[in-house]
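These notes are about the structure you will find just below.
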Amino acid sequence: MSQHVVPHHFDSANQAFEASKLGMWLFLVTEVLLFGGLFVTYIMFRGLYPDMFHEASAHLNRVMGGINTVVLILSSFTMAMAVNFSKHGKSKETVRMLAITVLCGAIFMVIKYFEYSHKIHEGLLPGGHFSYEHIAHVKAPLFFSLYFMMTGLHGIHVLVGMGLIVWVLLRAQKHEFSSAYNTPVELVGIYWHLVDLIWIYLFPLLYLIG
Amino acid sequence: MKNLNHHEKIYIGILGSLLVLTFITVWVSYFNFGVLNVLVAMLIATIKASLVALFFMHLYEDNRLNQVVFISSFVFLAIFVGLTASDLLFRSDPTSQKFSKAKVFETHVFPQHVQNYEKPSKDLITLGEELYPIYCERFLPKNYAWPRERKAIFELLTYGDQPQNIPSFSDLGEKERWAVTHYIFSQLEKE
């Protein structure tokens with residue numbers, strides 16, 4: 001088992017952990033505001049064109065969106081379990097839970113791929129590519145611009161998260177984490193939960209305008 | 001189940017609650033509460049997000065500094081939404097988009113009684129001449145075969161021409177589209 005060394009400018013392992021975690025929370029604040037720009041755009045345009053949003057939203061696949069929601073919630077749960085196992089030095093269980101989390105992320109992206117390819121095929125890609133004719137409202141491409149930008153930015157976050165989880169998974173396999181040191185698992189966990197948290201808002205806002 | 005520790009039991013409880021709440025969100029979306037629809041959906045989403053933040057992200061047992069830091073992001077988001085909404089949603093006609101081109105129009109103040117833009121006038125042609133290079137020129141092919149009728153040009157500018165890949169200029173106001181129409185027509189007459 002390789003031993004983690006506390007950097008010399010910290011007094012204790014706990015101080016080092018708390019400093020890293022504060023850094024992660026600050027990063028998440030910037031993430032909330034990054035997505036915030038898109039959410040503000042969404043709110044303003046929905047306020048201006050409520051009927052168009054209603055009509056356009058019906059063209060999204062609720063079932064796929066719903067399955068993706070369940071998949072992400074499950075992955076958040078397994079991630080929380082992985083963090084908990086890593087804290088108790090249970091490497092085997094940690095690796096298993098992280099593997100399920102990555103798998104859920106992959107399922108999410110595969111479903112997203114099918115959704116995207118179907119939308120692109122129908123001609124719902126916004127801008128000059130928009131050629132869908134079954135929505136009467138002239139501003140309908142606006143909804144799909146928001147749909148692709150919001151879910152696209154979120155999808156990039158899922159991919160980054162999957163990469164990070166694979167990284168901590170490989171380290172957990174080498175028994176690097178214990179009650180004395182599991183900072184990477186904790187922080188990747190917090191990040192992954194934020195990705196879930198954003199999807200919790202995206203799902204009703206985009207798919208469920210009833 | 002009995003060899004689960006305190007945290008693991010909480011996680012299973014949260015997982016169950018989140019799945020039930022997801023089901024409820026989908027279920028209520030089939031009912032129509034009018035304006036309340038979006039509020040109900042956001043209320044449920046916020047309960048779910050709070051559960052994730054408090055228990056999965058451990059914010060509940062985290063130190064006060066981290067709690068304040070994370071919550072502050074939503075305070076700033078609220079300011080962002082609030083100030084943008086106070087500007088946009090209180091405009092007299094926010095969907096007309098004329099305000100975004102206000103600068104161009106300030107120089108062309110029309111008397112209030114002039115409502116009929118279909119008739120060409122010197123002022124309209126001058127306005128069209130100014131608007132055309134800014135908003136239209138780059139979207140139009142060089143030797144585009146314009147219809148020889150003002151009304152048809154106006155409709156083309158309004159709805160676009162899909163086969164020729166010409167977009168709709170409907171984000172310009174009615175007056176502005178007529179102005180461009182008269183300008184284009186005056187150029188056609190010169191040819």
Side-chain angles (χ1 to χ4, degrees), chain A residues 18 21-22 24-26 28-33 35-37 39-41 43-50 54 62 65-66 69-70 73-74 76-81 83-85 87-88 128 131 133 138-139 186 189-194 196-198 200-205 207-210, chain B residues 5 7-8 10-12 14-15 18-19 21-23 25-26 28-33 35 37-38 40-42 44-46 48-53 55-59 62-63 65-67 69-70 72-74 76-77 80-81 83-85 87-89 94-95 159 162 165 167-168 170-171:
Chain A
E18 287 298 334
K21 199 162 62 171
L22 175 61
M24 193 65 198
W25 280 113
L26 285 169
L28 293 196
V29 170
T30 69
E31 289 282 85
V32 168
L33 291 171
F35 279 95
F39 277 104
V40 171
T41 315
I43 293 167
M44 296 310 139
F45 281 122
R46 185 161 170 187
L48 294 181
Y49 308 106
H54 189 264
R62 278 179 178 215
T69 308
V70 173
I73 287 173
L74 270 176
S76 240
F77 166 73
T78 55
M79 189 72 224
M81 293 294 273
V83 172
N84 189 57
F85 285 132
K87 204 183 290 172
H88 296 95
S131 59
E133 282 162 358
V138 242
K139 298 285 179 187
E186 282 266 0
I190 294 175
Y191 170 82
W192 188 256
H193 296 311
L194 183 87
D196 181 27
L197 198 147
I198 289 164
I200 284 174
Y201 283 97
L202 289 182
F203 175 54
L205 285 177
Y207 293 79
L208 300 179
I209 305 177
Chain B
N5 72 23
H7 273 117
E8 288 158 4
I10 289 180
Y11 294 153
I12 291 171
I14 300 299
L15 171 66
L18 289 173
L19 293 177
L21 285 167
T22 303
F23 175 76
T25 326
V26 177
V28 294
S29 74
Y30 287 97
F31 296 92
N32 192 5
F33 305 111
V35 198
N37 277 342
V38 68
V40 171
M42 285 304 94
I44 298 172
T46 304
K48 286 167 74 183
S50 306
L51 290 176
V52 170
F55 298 103
F56 281 172
M57 295 164 109
H58 303 138
L59 209 55
D62 212 327
N63 66 51
L65 178 62
N66 291 344
Q67 294 174 344
V69 163
F70 191 54
S72 76
S73 70
F74 297 97
F76 286 112
L77 190 59
F80 193 176
V81 176
L83 288 181
T84 314
D87 171 12
L88 188 68
L89 301 180
T95 49
Y159 300 109
Q162 282 283 352
N165 214 6
S168 150
S170 59
D171 52 344

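Quick note on labels: first sequence line is chain A, next is B, and so on, each numbered from 1.
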Aromatic plane relationship, Y11(B) with H58(B) - under 30° parallel, 30 to 60° tilted, over 60° perpendicular: tilted
Per-residue tally against chain A (heavy atom, under 4.5 Å) across S73(B), A53(B), S72(B) peaks at S73(B)
Chain A shares the most heavy-atom pairs under 4.5 Å, among D62(B), I14(B), L77(B), with D62(B)
Correct closest heavy-atom pair for T25(B) and P204(A) would be CG2-CB, 4.1 Å
Open item on the list: Is the ring pair F77(A)/F56(B) parallel, tilted or perpendicular, if the boundaries are 30 and 60 degrees?
Closed with: tilted
Checked S50(B), A45(B), A41(B), A85(B) vs chain A; the most non-hydrogen pairs under 4.5 Å come from A45(B)
Most heavy-atom pairs under 4.5 Å with chain B, out of L33(A), T30(A), I198(A), belong to L33(A)
**Request:** Could you label the plane-to-plane angle of the Y49(A) and F45(A) rings as parallel, tilted or perpendicular, counting under 30° as parallel and over 60° as perpendicular?
**Result:** parallel
Donor-acceptor contact present, side-chain N66(B) to main-chain V69(B), <3.5 Å:
no
Okay, F35(A) and chain B: the region with an atom under 4.5 Å from a heavy atom over there is neither
task: Would you confirm whether Q67(B), through its side chain, and L59(B), through its main-chain N or O, come within 3.5 Å as a donor-acceptor pair?
output: yes
Okay, Y207(A) and chain B: the region with an atom under 4.5 Å from a heavy atom over there is neither
Comparing G65(A), G66(A), S76(A) against chain B, the one with the most heavy-atom pairs below 4.5 Å turns out to be S76(A)
Under 4.5 Å to a heavy atom of chain B? For T69(A) that would be side chain
- Considering residues, nucleotides and ligands other than F76(B), do more than 12 of their heavy atoms fall under 6.0 Å from its CZ? no
- Query: Does a side-chain heavy-atom distance below 4.5 Å link L48(A) with K139(A)?
  - Reply: no
- Main-chain N/O of A80(A) paired to N84(A) side chain as donor or acceptor, under 3.5 Å: no
Turns out that what part of S168(B) lies under 4.5 Å from chain A's heavy atoms comes down to neither
One option among I44(B), V52(B), L21(B), V28(B) has the most heavy-atom pairs under 4.5 Å with chain A, and it is V52(B)
So, the part of L65(B) with a heavy atom under 4.5 Å from chain A: the answer is side chain
Under 4.5 Å to a heavy atom of chain B? For I200(A) that would be both
If one checks every heavy atom of T22(B) against chain A at 4.5 Å, the contacting part turns out to be side chain
Whatever's closer than 4.5 Å to a heavy atom in chain B on E18(A) counts as side chain
